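Please read all numbers here as calculations on a predicted model, not as lab measurements.
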Amino acid sequence: MTINFSTKIGDARSPPRPAIRLLPAGSGGPTRPAGQRAVAAVRDERKNRFACVSSAGMKTQDWLGLPFDVLRAQYACAVQGGLIQHSLLASSAFERALVRLEHLLLGVWARSV
C-alpha cells in the first residue's frame, strides 16, 4: 500500500482493487467443467461447419463425412468427460476403424488425407 504524503495522515487511501475479469457463461472459460467445455467446443465447431455452407459452400465429401466427424467429436467428449480412458493406442485404433468404415460406406466419396 502506498501512502500519499501530501494528504493528511488519517486520509490515506488504499490502492484501487484489481478488476476481476469474469468470462461470460457461454465462453467455455474456467467457470465450466472440462466436459462442458468440450461439449461447447463441439457445438461451436458444428456452428462453424454450417456457417461455411452459406459462405463458400461445402464439397460433397464434406457433407458425406459429417456423421463421421460427429463420431470423432463424441469420442473426444467421452475421453475428456472421463467415460473412456485416455489412451493414444485406443484413440488411434478408433480413428483407423472409423476411417475404414468411412471408406467402406462412402467408397470414392470418402475423404482421404
Side-chain angles (χ1 to χ4, degrees):
M1 177 162 85
T2 59
I3 299 175
N4 186 354
F5 290 105
S6 64
T7 60
K8 297 179 182 176
I9 292 177
D11 196 25
R13 297 181 183 173
S14 61
R17 295 172 132 189
I20 298 173
R21 186 173 159 241
L22 296 176
L23 298 173
S27 68
T31 58
R32 292 180 148 189
Q36 289 180 354
R37 282 195 305 263
V39 170
V42 170
R43 192 176 305 122
D44 292 341
E45 177 63 31
R46 286 183 193 160
K47 286 180 186 176
N48 291 340
R49 219 177 221 294
F50 288 116
C52 73
V53 172
S54 61
S55 63
M58 291 177 68
K59 295 188 284 184
T60 304
Q61 291 175 335
D62 292 335
W63 276 107
L64 293 174
L66 194 59
F68 300 99
D69 292 338
V70 170
L71 286 174
R72 287 180 180 95
Q74 286 178 342
Y75 182 83
C77 287
V79 169
Q80 290 178 350
L83 298 174
I84 299 174
Q85 184 179 6
H86 179 71
S87 167
L88 290 176
L89 293 174
S91 175
S92 66
F94 174 78
E95 181 63 28
R96 282 194 311 269
L98 198 57
V99 166
R100 272 186 270 144
L101 181 64
E102 186 174 359
H103 281 279
L104 178 70
L105 293 176
L106 300 181
V108 295
W109 289 290
R111 295 173 292 179
S112 60
V113 178

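- Ion pairing between Glu102 and Arg72 holds under the 4.0 Å rule for side-chain N and carboxylate O.
- Cluster annotation: Trp109 and Leu101 are assigned to the same hydrophobic cluster (Ile/Leu/Val/Met/Phe/Trp/Tyr, side-chain heavy-atom contacts under 4.5 Å, transitive).
- Side-chain contact between Phe68 and Leu105 is present, with heavy atoms from C-beta onward closer than 4.5 Å.
- Linking ILVMFWY residues whenever their side-chain heavy atoms come closer than 4.5 Å, directly or via other members, leaves Val99 and Leu106 in distinct clusters.
- Looking at heavy atoms from C-beta onward, Asp62 lies in side-chain contact with Arg111 at the 4.5 angstrom threshold.
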Gln74 vs Leu71, side-chain contact (heavy atoms from CB on, under 4.5 Å): CA-CA, chis, key distance, verdict:
CA-CA 5 Å; Gln74 286 178 342; Leu71 286 174; 4.0 Å; yes
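- Within the 4.5 Å cutoff, no side-chain heavy atoms of Leu98 are placed close to those of Tyr75.
- Contact detail for Ser92 and Leu89: the closest heavy-atom pair is OG-O, 2.9 Å.
- The main-chain N or O of Ser87 is never found under 3.5 Å from a side-chain atom of Ser91 such that the two would form a donor-acceptor pair.
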